[in-house]
Amino acid sequence: MGIRWKGKGAEAKALADPMSKIVSQLKCSLIEYDSRGLLSGFSVLIEANEEQTGLFNRTCFGRRNITTEKDKQWFQLSMEEAFYLSYMLKCIKVVGEDNCPTNDDELWKYAISKRNNFPNLFKAYSHLRMKNWVVRAGSQYGVDFVAYPHHPTLVHSEYAVLILSVEDDNSNGRLRVWLDFHCTLRLCGSVAKTLLVLHIDKNCSAATSPSCLESCLVEERTVTRWNPEQSRENQTTVQKEPSN
Amino acid sequence: MEDDERERFRFYEERSDCDSDSEGYVEDLVDDALCYSSCDIPKLQLRKDVSKAQWIEELGMAEVVEKKGKMWTTTGIVRDGKIYCSIEETLFLAEIGALHIVNGDDTYLSLKDLYEKIAIGNDGYGSSWESFEVYRHLKSLGYIVGRYGVPWTFKSTKINSIAENGASELDGTSCNGSRHNIFITEMFTNLQFGEVKPMFDVYLPNSKFKKSSPGSPCFLLCRTSDHPPSKQATEDLETRCKGHHIKFCNVEHGRVNFFSFNKVELPILP
């Protein structure tokens with residue numbers, strides 16, 4: 001696949017510490033402490049002890065809130081991250097204003113009420129996380145997510161991810177006109193990421209509960225620009241062209 | 001690379017947009033500056049080896065009557081021992097001064113006449129200005145470009161299975177069929193929204209290219225309507241053109257852009 005490691009020793013470090021293992025450690029720690037996240041707007045705030053702080057950082061879940069509190073840290077989880085930890089990994093509980101844990105369906109409906117595209121967002125997020133890719137926000141690049149094969153300090157990102165729901169004409173979706181392609185590819189190109197489009201089953205957006213997601217298919221396609229000026233020297237088959 | 005191609009390439013190198021990373025913005029400014037400056041416009045060299053062809057209106061092609069230069073190994077289709085050029089090939093060679101074209105009555109066809117021919121609606125001899133821009137861009141860089149579904153020679157229909165795979169309107173195997181059918185495929189009838197159609201077979205630059213056994217093209221270049229292809233259209237096309245790598249092109253404001261939409265499967269990481 002051609003993972004671009006940052007510096008010597010990065011690859012060895014990553015191999016010694018597979019992401020699945022670190023995530024598993026995070027899961028165990030959160031379960032052990034019966035961790036609860038506080039639902040707030042479209043984020044979930046969660047307390048973390050020292051060990052959990054390290055694990056959140058190493059698995060790239062959440063963003064740390066910088067505070068002067070000494071003995072514990074606060075992390076802010078995105079809705080997809082929180083839902084992944086609570087529904088897929090079952091290692092946190094999310095509580096609402098009444099201090100009661102929400103169940104999966106309640107949280108699902110809440111998330112949809114805030115972003116009606118949440119089912120697609122979450123399906124894409126969990127599709128990649130389940131394969132042990134690190135998934136972070138991509139809005140600064142004009143895309144939904146950015147996916148790394150391991151921790152961002154060890155690797156450069158591989159993919160800028162855009163989610164397309166397989167509607168009949170995609171009239172409400174992204175990449176509707178050629179200019180959208182030019183724009184997104186330009187952005188991706190300047191940060192050396194390949195554009196990855198995730199086509200999500202149209203049933204997903206209508207999912208009334210997270211259990212509907214399991215049957216939704218996700219198809220992956222890369223969108224790359226081909227530069228005829230550069231490719232002539234490469235006399236091998238075109239399929240082997242490097243990703244832009 | 002042939003002389004004429006090298007020349008053309010130099011011309012395009014100065015004009016074409018560079019795609020690399022953060023330098024992109026600077027390159028664009030330079031490109032536009034060159035485009036719009038009134039001095040130092042790159043010129044193509046006049047050549048002494050000029051071929052001659054006769055435009056045959058009923059075919060919408062030019063029949064080569066005097067062959068000069070090495071470019072004929074990669075340009076034009078062979079029928080009954082003669083070479084015929086599509087409108088885009090004709091226009092390309094005319095622009096670089098490699099071909100003189102005459103009418104049936106031996107009157108000279110100017111570049112203007114040829115531009116007028118290609119401008120005839122969407123059916124301009126199976127071509128369009130945009131498709132010519134694509135053809136010219138690739139040909140100038142040394143690629144070998146043929147119309148999708150049109151065999152380079154009749155012998156090659158048996159070796160090269162492209163015409164059989166594609167849904168071309170070509171009646172290739174019947175020598176008794178109308179000559180019009182044998183030569184021209186309708187590339188450029190209006191496409192429906194999101195529809196895609198293969199347009200050119202593209203081969204990598206190859207000094208040993210043989211029309212009698214061209215091999216498989218490097219990729220099929222497809223045109224789309226002014227909207228990008230829908231996922232369904234892309235998949236249908238891939239099924240239809242099984243075994244061939246596919247690229248899409250989009251032309252706007254004189255710039256030709258190429259895209260690939262490759263199915264992938266991200267690996268499950270450790």
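Letters go in sequence order (proteins before strands), and every chain restarts at 1.
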When you compare the side chain of [Y] with that of [X], does any pair of heavy atoms fall below 4.5 Å?
X	Y	value
A:P228	B:H137	yes
B:F258	A:R225	no
B:K263	A:H199	no

Between atom [atom1] of [X] and atom [atom2] of [Y], what is the distance when rounded to the nearest 0.5 Å?
X	Y	atom1	atom2	value
A:L164	B:S230	CG	OG	11.0 Å
A:H150	B:L269	NE2	CG	8.5 Å
A:L196	B:N262	CG	CG	11.5 Å
B:K247	A:T224	NZ	OG1	6.0 Å

Atom group of A:L15 that falls short of 4.5 Å from chain B, counting heavy atoms
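Nothing of A:L15, per the 4.5 Å heavy-atom cut-off to chain B.
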A:L179 versus chain B, heavy atoms under 4.5 Å apart: side chain, backbone, both or neither?
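Answer is neither: A:L179 stays 4.5 Å or more from chain B.
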Residue among B:I268, B:N250, B:V202, B:V256 with most heavy-atom pairs under 4.5 Å to chain A
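Maximum pair count with chain A is reached by B:N250.
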When the ring centroid of A:F181 is compared with that of B:F261, is the distance short of 6.0 Å?
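That pair passes the under 6.0 Å test.
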Would one find more than 12 heavy atoms of other residues, nucleotides or ligands at under 6.0 Å from atom NZ of B:K210?
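At most 12 heavy atoms, drawn from other residues, nucleotides or ligands, come within 6.0 Å of this atom.
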Check whether more than 12 heavy atoms from other residues, nucleotides or ligands sit under 6.0 Å from atom CD of A:E214, and answer yes or no.
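Counting other residues, nucleotides and ligands, CD of A:E214 stays at 12 neighbours or fewer.
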Which atom pair, heavy atoms only, marks the closest approach of A:S20 to B:P270?
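So the two residues come closest at OG-C, 3.4 Å.
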Please name the pair of heavy atoms, one in B:L266 and one in A:K131, separated by the smallest distance, quoted to 0.1 Å.
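Closest approach of B:L266 to A:K131: O-NZ, 2.7 Å.
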Identify which part of B:E252 has an atom lying under 4.5 Å from any heavy atom of chain A, answering side chain, backbone, both or neither.
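When you check distances to chain A, only side chain atoms of B:E252 fall under 4.5 Å.
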Over 60° means perpendicular and under 30° means parallel, so tell me whether B:Y143 and A:W226 are parallel, tilted or perpendicular.
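Plane angle over 60°, so perpendicular.
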In terms of side-chain geometry, is the basic nitrogen of A:R221 or B:E238 positioned less than 4.0 Å from the acidic oxygen of its partner?
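Salt bridge present between A:R221 and B:E238.
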